[in-house]
Number of protein chains: 2
Amino acid sequence: MLPELKIQQLRYVITVVEEGSFHGASRRLHRTQPAISMAVRELEHRLGQNLFERGVQNRLTPFGEYCLPRFRDLVSQHDRTAKDVVSQADGQEGHIHIATVPSVASRIMPSFLAEFIDRFPGLNISLHDENAHYVCQMVAHGEVDLGITSLWQSDEELEYTHLFEDKVGVVCRHDHAFAEKQALDWQSLQGEKLIRNGTSRLLMGTAATELVENSAFYISNMISLIAMLEAGAGITTLPRLAFPEHSANLRFIPLSDPIVVRKIGLVKAANRTLSPAAQAMQAFVLEKLRYKEG
Amino acid sequence: MLPELKIQQLRYVITVVEEGSFHGASRRLHRTQPAISMAVRELEHRLGQNLFERGVQNRLTPFGEYCLPRFRDLVSQHDRTAKDVVSQADGQEGHIHIATVPSVASRIMPSFLAEFIDRFPGLNISLHDENAHYVCQMVAHGEVDLGITSLWQSDEELEYTHLFEDKVGVVCRHDHAFAEKQALDWQSLQGEKLIRNGTSRLLMGTAATELVENSAFYISNMISLIAMLEAGAGITTLPRLAFPEHSANLRFIPLSDPIVVRKIGLVKAANRTLSPAAQAMQAFVLEKLRYKEG
DNA sequence: ATTGAGTGATAAGAAAGGCTTATCAGGTGG
DNA sequence: CCACCTGATAAGCCTTTCTTATCACTCAAT
């Protein structure tokens, strides 16, 4: 019942008015004059009314005067929509929600995001830090677009792309006997008071398993853990990234036997397409963080 | 640079979302399923991003979620524009400015316009009454769309369509010697005190010319003229339509020799296209008023 | 008056788009 | 396991849209 107003036809009409002639419009639109002429006539025919006075001079009819501002509005909304949609599609604009484990959030993301927002100034980023389990859950539930974390457990809903490995070492106070060592093996740790933390499960299934099983303390909160270590209450194991590097009193000694690593990777929901902005972030993450040693 | 978003494609996308499937959309849009499929793919390809998740289920991608409300807005503005433009084109809506001489305005227009607005309820009408000269001028200057008037003088800018003739007669008080006559000729008027008015020029160039030339009074204002006649200050000539028919004291006697008529017609600007609403009015005027005796 | 450069309209044919029919492939429920 | 749903794909047709070539008209300068 309603005729379709093709954006292009409306643009032709507007340009003819602006240029004051069909020829002028045809030059500006890179079309031949008959193309404009026929398109305008077709529209007029479909509306049942002429838009331009024919014969003497090509000015608008009263009906054309009525239509012109409406046509302009429609075309300008079209252009605005197209621009918005395209810049969204290009990843020039948009929102990204990303979640990482705290160590990555504090050690990797600051400089990484600085570089990212420099390259994509139109993007709006929200960074959440949570433990590995919850990061995966947020990704699976669609609360964030991407996660950078170690994989909690293999999950069909999640797609994991490996980025780098983070070697586990021993953390002790500077006055501990281990403090000056270059490396340690698990046997050396026997008899030490080992405090477990959220990352200790990495040692399970390795030669060091029994160390963990014999440990009597567990502290999940990192701040509390650091305080305990600084108080000389014991030692712990941490991936290097999780070791607070500015700590004056604590030392990190690599564990050489067994070599235990935390695998850090990019996680996304398997059957969900990323927003264009998140795709840009994904590509940037892969370009900048893949295969680097943490 | 900007891709053109074709209204139809956007409508396809919206319908697919609303129906929840390509097949459903194709049924509602009276198209085959491949038509929808290909159109959507073409749009996705042009935007460089998918709108729908392919494979498992056809729900929107995040990008699609972003686009959908914008597409809806654009399509709905398109539909509003198309509706407005069409109802304007059909003459279902719009403004008409019309000017007539006072006699037509008061004797013809009331019932005529009542019927017109009944037939075209969406139209908005402004009626001006002015003397014949000014009516023509308003039409020529585009201040009104149409005039109903006698033609002041032939004018290339004006297009005149004859409607009816208005016979001139003699107007006198009920106690005047002429009051009971059925007709009068110009010789009978000699010696009477004739008051000229704006319509007296109609007699110029007829056998009654000298009557007018010998008249000493001229009154342009109709109210004053009536008052003078009712006071018995003289007689005048008027076209029948201009005679105040409800006057108790005045009588109208047709002039039989010479028979003088005021030609009333529809006047429009020659090289201006009428608005659709005014076209409807024009057609209605020609249908209702042409060839009627006034 | 004539001519030349401007305007828009028109016709015929080529190119591009959009639609349909026919068919395939994947997933789901009896 | 098969019928039936979904969407994708290919070939061909038909419509739309564009270009080229040409005409008719107006206006201004010669």
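Sequence lines set the chain letters: A, B, ... in the order given, protein chains first and strands last, and positions in each chain run from 1. All values below were derived from every heavy atom in this structure, side-chain atoms included, with hydrogens, water molecules and symmetry-related copies excluded.
For the residue pair A:Q49/B:Q279, the side-chain donor-acceptor check at 3.5 Å is satisfied.
Of the residues in residues 32-47 of chain A, those lying under 4.0 Å from DNA chain D by heavy-atom distance are A:T32, A:P34, A:A35, A:M38.
Between B:E287 and B:R119, at least one side-chain N (NZ, or NE/NH1/NH2) sits under 4.0 Å from a carboxylate O, which counts as a salt bridge. Between B:E18 and B:R28, at least one side-chain N (NZ, or NE/NH1/NH2) sits under 4.0 Å from a carboxylate O, which counts as a salt bridge.
Using modelled atom types, no side-chain atom of A:Q33 and backbone atom of A:H23 make a donor-acceptor pair closer than 3.5 Å.
A close approach under 4.0 Å does not occur between any side-chain nitrogen or oxygen of B:H23 and OP1 or OP2 of D:dC5. At D:dC18, one or more side-chain N or O atoms of A:Y12 fall inside 4.0 Å of OP1 or OP2 (strictly under the cut-off). Listed pair A:R27 / C:dT7 meets the phosphate criterion, a side-chain N or O lying under 4.0 Å from OP1 or OP2. The side chain of A:K6 contributes an N or O atom lying less than 4.0 Å from OP1 or OP2 of D:dT17.
Taking all atoms of both residues into account, the shortest heavy-atom contact from A:S150 to A:I264 is N-CD1, 3.9 Å.
Across the protein-nucleic acid pair, B:Q8 atom CD and C:dG18 atom P stand 8 Å apart, rounded to whole Å. Spacing between atom CD of A:E4 and atom C1' of C:dG17 amounts to 13 Å, rounded to whole angstrom units. Remark: P of C:dG18 and CG of B:L10 are 12 Å apart, rounded to the nearest angstrom. As rounded to whole Å, 17 Å separates atom C1' of D:dC25 from atom CD of A:E53. The CD-P distance, from A:Q9 to D:dT17, rounds to 6 Å in whole Å. As rounded to whole Å, 11 Å separates atom P of D:dT6 from atom CD of B:E19.
Proximity note for A:R31 (side chain, C-beta onward) versus D:dT19, C:dC19, C:dA9: the nearest is D:dT19.
Residues B:L266 and B:Y160 have side chains not in contact (no heavy-atom distance under 4.5 Å, counting atoms from C-beta outward).
The aromatic rings of B:F284 and B:F112 lie tilted to each other, with the angle between the two planes from 30° to 60°.
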